[in-house]
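Data block below; observations after.
FYI, the numbering just counts along the sequence from 1.
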Amino acid sequence: MKISEDEMKYLKLLASEYDTAEEAAAEIINLTAIQNLPKGTEHFLSDIHGEYEAFQHILRNASGTLKIKIEEIFPELPEADRKVLATLIYYPEEKLTLIKKTTPNMPAFYRDTIYRLVRLLQEISFKYTRSYVSRQTPEKYHYILEELLYRDDIKSAYGVSYKENIIESIIEIGSADDFIKSICTMITRMAIFKLHILGDVYDRGAGGDIVLETLMHQQTVDIQWGNHDILWMGAAAGNKACIANVIRICTRYDNLHTLEVGYGISLRPLVTFAMKTYGNDPCPNFKAIASAKDAMHDADIESLTKISKAIAVMQFKLEGQIIKNHPHYDMDDRLLLDKINFEDHTVTVDGKVYPMNNTFPTIDPADPYVLTDEEEAVMDRLKLAFLESEALQRHVRWLFAKGSIYKVVNGNLLYHGCVPLTPEGKIDSMPTAEGFKKGKEWFDYAERLVRTGYFGKPGTRVKERGVDFFWYLWCGYKSPLFGKRRMTTFERLFIEDEETWKEPKNPYYKYQDDINVVEMILEEFGANVKDGVIINGHMPVKKGTSPMHCGGRVITIDGGFAKAYQKTTGIAGYSLIQNSYGFVLTANEPFESREKAVVNETDIISSTVAKENISERMLNRDTDDGREMQAKIEGLKRLLEAYRGGYIKQAVD
């Protein structure tokens with residue numbers, strides 16, 4: 001056996017973890033066994049936009065796969081009983097409370113339910129090793145669940161089975177409720193092995209912070225940032241233009257709950273300024289989209305309208321400052337404040353003059369992009385509030401730890417928006433401080449720059465560039481998270497002519513059905529050119545159009561989680577599942593409420609849009625994890641040889 005110096009260093013590192021030949025051999029056997037199990041189920045979701053109740057329900061029902069499993073395993077059960085079982089798994093605590101009110105014989109209910117839950121858990125867990133299942137098992141029920149899952153059900157001399165005795169004991173000592181809750185949680189966690197979020201956790205819905213908190217408790221999750229995520233990340237880094245955009249969107253959708261309750265950010269300085277400056281201004285086009293009506297509704301909407309205009313004006317000033325500081329962003333067409341004629345209330349856009357529907361008491365025609373002293377004070381206070389929000393900073397650090405602009409998984413390429421292309425369908429380039437970048441190099445550079453913007457040394461030029469760059473990724477022409485020529489917020493707010501509202505898409509969206517372009521992109525990012533799939537979100541799939549492109553090689557899974565999009569999409573989001581049999585894409589109907597799901601047992605109705613049927617079932621060895629396991633197996637085999645050949649000392653018990 002020949003061992004190079006570098007290999008010996010590696011083997012000694014491996015030996016620190018497996019310090020005997022027996023331990024190395026046992027791990028080889030263990031990893032080989034895992035490789036030959038069916039591939040775990042992966043779940044892809046996109047554009048949640050703060051709709052936390054629908055999102056949490058999708059996680060609980062595993063995009064409908066748990067309901068299907070229940071139907072397959074218990075075909076003899078009446079549909080009503082299957083609904084009760086499904087709802088119990090999704091919401092065990094609430095459902096048990098209701099069941100106790102209407103069920104006369106709870107011991108019988110407990111007995112039947114525990115048997116069914118154990119049977120379902122057996123079916124779900126067969127893809128995993130016993131050691132993995134053991135790690136997912138609550139410590140207090142570790143022994144009990146192992147016995148119920150794996151022990152043969154032997155009858156005693158009295159005809160009572162071993163498992164029956166265990167279940168009767170659970171019921172007798174009053175632990176049935178807690179045991180059921182634990183096993184239901186275990187089922188929902190193990191139904192999905194990996195969760196991939198393709199961006200846009202935030203905005204529009206009222207619970208972006210709740211979605212983040214939910215994600216942080218998932219066992220295996222990654223996120224490809226969307227432009228709405230990067231906007232909040234930029235706000236957390238102290239980018240004032242990002243802060244202004246975040247607040248404007250929250251006021252537009254009557255969603256101050258995330259800011260004020262979720263993150264403890266006070267808007268009092270902004271409210272005081274807005275009411276003083278715009279108190280008598282009707283603020284046309286700034287009326288909030290109300291989430292609910294109550295006794296304070298009219299007063300809330302009126303104040304939100306003033307706040308929305310106040311922050312919007314500051315936003316356009318701050319954005320103008322960034323554009324002027326970074327001419328290579330190629331966004332001069334967004335410098336519109338200096339195109340306003342304050343005498344006749346018109347603005348020139350793309351060489352054409354349009355009447356405006358608002359007046360601007362805080363804009364200085366001689367220097368339109370400078371904040372007034374009061375505006376500067378408001379933004380300074382708001383920036384401090386964002387920087388000091390512990391909850392927001394914790395969530396953003398998690399987004400950095402678990403997130404990226406793109407990810408290659410099992411040969412498939414995941415990203416939120418697009419790969420910027422030229423009109424001819426070639427990968428487009430972008431000027432940067434390090435020269436022109438395109439494709440994978442541009443994505444990697446962009447990610448590195450925003451990481452520097454958040455984590456970099458304060459006061460350095462590179463950190464300042466990184467902080468500004470968050471805003472570019474939010475709405476920049478060649479941002480991979482945006483994918484449009486411009487964001488026409490200014491026009492939508494101040495110009496009635498809808499021709500000015502158009503946001504031309506990047507040529508990428510024109511070439512989604514071109515196999516040559518698709519394979520070019522897959523190759524650029526090191527994905528599987530022959531069989532890989534591009535999965536992205538961002539662009540809501542309109543009613544009557546398909547989320548599938550290029551014969552299934554490109555899948556867009558933004559189907560309208562956000563209620564604001566559901567008139568356009570006709571559904572409430574897509575769910576993409578990849579199990580050992582291939583991909584399954586489902587369209588989800590709107591989710592009414594958690595309460596109705598519990599009381600009326602109404603599930604999200606998911607209909608299959610497309611299904612991939614592969615001839616040979618995928619095993620773990622066919623995945624990225626499996627290839628990593630194989631590399632480790634090869635290393636362990638070499639370690640075993642080194643132990644047996646006397647090249648490395650074994651530990652002594």
Side-chain angles (χ1 to χ4, degrees), residues 202-203 206 208-209 228 231-283 285-291 296-322 337 358-364 367-396 458 467-468 470-471 474 489-490 493:
Y202 284 107
D203 292 329
D209 58 310
H228 285 268
L231 182 67
W232 281 79
M233 293 161 75
N239 183 308
K240 289 182 178 180
C242 291
I243 290 170
N245 271 280
V246 162
I247 295 172
R248 178 186 55 78
I249 294 170
C250 286
T251 56
R252 172 65 171 163
Y253 290 92
D254 189 14
N255 178 22
L256 298 186
H257 187 278
T258 300
L259 282 173
E260 296 181 327
V261 179
Y263 292 136
I265 294 171
S266 172
L267 298 182
R268 191 175 73 171
L270 175 60
V271 174
T272 302
F273 168 77
M275 299 310 292
K276 173 187 172 184
T277 307
Y278 299 97
N280 297 319
D281 188 335
C283 302
N285 279 17
F286 283 96
K287 187 174 181 180
I289 300 171
S291 56
M296 290 291 291
H297 174 265
D298 291 341
D300 280 344
I301 295 301
E302 184 179 355
S303 61
L304 284 172
T305 299
K306 315 301 182 187
I307 297 167
S308 187
K309 181 172 179 179
I311 199 66
V313 173
M314 286 187 268
Q315 171 193 319
F316 297 125
K317 289 182 178 184
L318 293 162
E319 290 177 342
Q321 293 173 18
I322 292 177
L337 296 186
N358 273 262
T359 56
F360 307 97
T362 70
I363 296 179
D364 179 0
D367 194 357
Y369 297 103
V370 68
L371 297 178
T372 66
D373 290 344
E374 284 186 297
E375 287 175 329
E376 194 76 60
V378 168
M379 289 309 308
D380 285 343
R381 290 195 191 182
L382 289 172
K383 176 180 174 179
L384 189 62
F386 274 78
L387 290 174
E388 292 183 343
S389 170
E390 292 182 10
L392 174 61
Q393 298 298 334
R394 182 169 60 88
H395 283 172
V396 168
V467 171
D468 284 353
F470 280 101
W471 178 80
W474 154 245
T489 307
F490 181 96
L493 292 174

| said: Could you check whether Lys240 pairs with Glu319 (Lys NZ or Arg NE/NH1/NH2 to Asp/Glu carboxylate O, under 4.0 Å)? | reply: no

| said: Tell me whether the count of non-hydrogen atoms from other residues, nucleotides or ligands lying under 6.0 Å of CZ in Arg394 goes above 12. | reply: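 Yes.
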
| query | For atom CG of Asp373, is the number of surrounding heavy atoms from other residues, nucleotides or ligands below 6.0 Å larger than 12? | reply |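 12 or below, so no.
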
| request: Applying side-chain contact (heavy atoms from CB on, under 4.5 Å), name anything that partners Ser308, two or more places apart in sequence or on another chain. | output: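 With neighbours one apart ignored, the set is Arg248, Thr251, Phe286.
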
With a 3.5 Å cut-off and sequence neighbours excluded, list the donor-acceptor pairs that the side chains of residues 274-281 form with protein atoms.
unit_1 : atom_1 : unit_2 : atom_2 : d
Lys276 : NZ     : Glu374 : OE2    : 2.7
Thr277 : OG1    : Phe273 : O      : 2.9
Asp281 : OD1    : Cys283 : N      : 2.7
Asp281 : OD2    : Lys309 : NZ     : 2.6

| field | Any donor-acceptor N or O pair under 3.5 Å, side chains Thr362, Glu375 | value |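 Short answer, yes.
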
For [X] and [Y], indicate whether the former's side chain and the latter's backbone hold a donor-acceptor pair under 3.5 Å.
X      : Y      : result
Thr272 : Arg268 : yes
Thr258 : Ala206 : yes
Asn239 : Gly234 : no

| message | On a heavy-atom basis, which atom in Ala288 and which in Ile301 lie closest, and how many Å separate them? | response |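 Here Ala288 and Ile301 meet closest at CB-CD1, 4.0 Å.
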
| field | Heavy-atom pair of closest approach, residues Asp209 and Tyr202 | value | N-CE2, 4.3 Å

| task | Nearest 0.5 Å please: distance from the CG atom of Leu337 over to the CG atom of Asp364. | result | 11.5 Å

| query | Nearest 0.5 Å, what's the CG-CD1 distance between Leu382 and Ile243? | reply | 7.0 Å

| request: Run the ring-centre check on His395 versus Trp232 and record whether the distance is less than 6.0 Å. | output: no

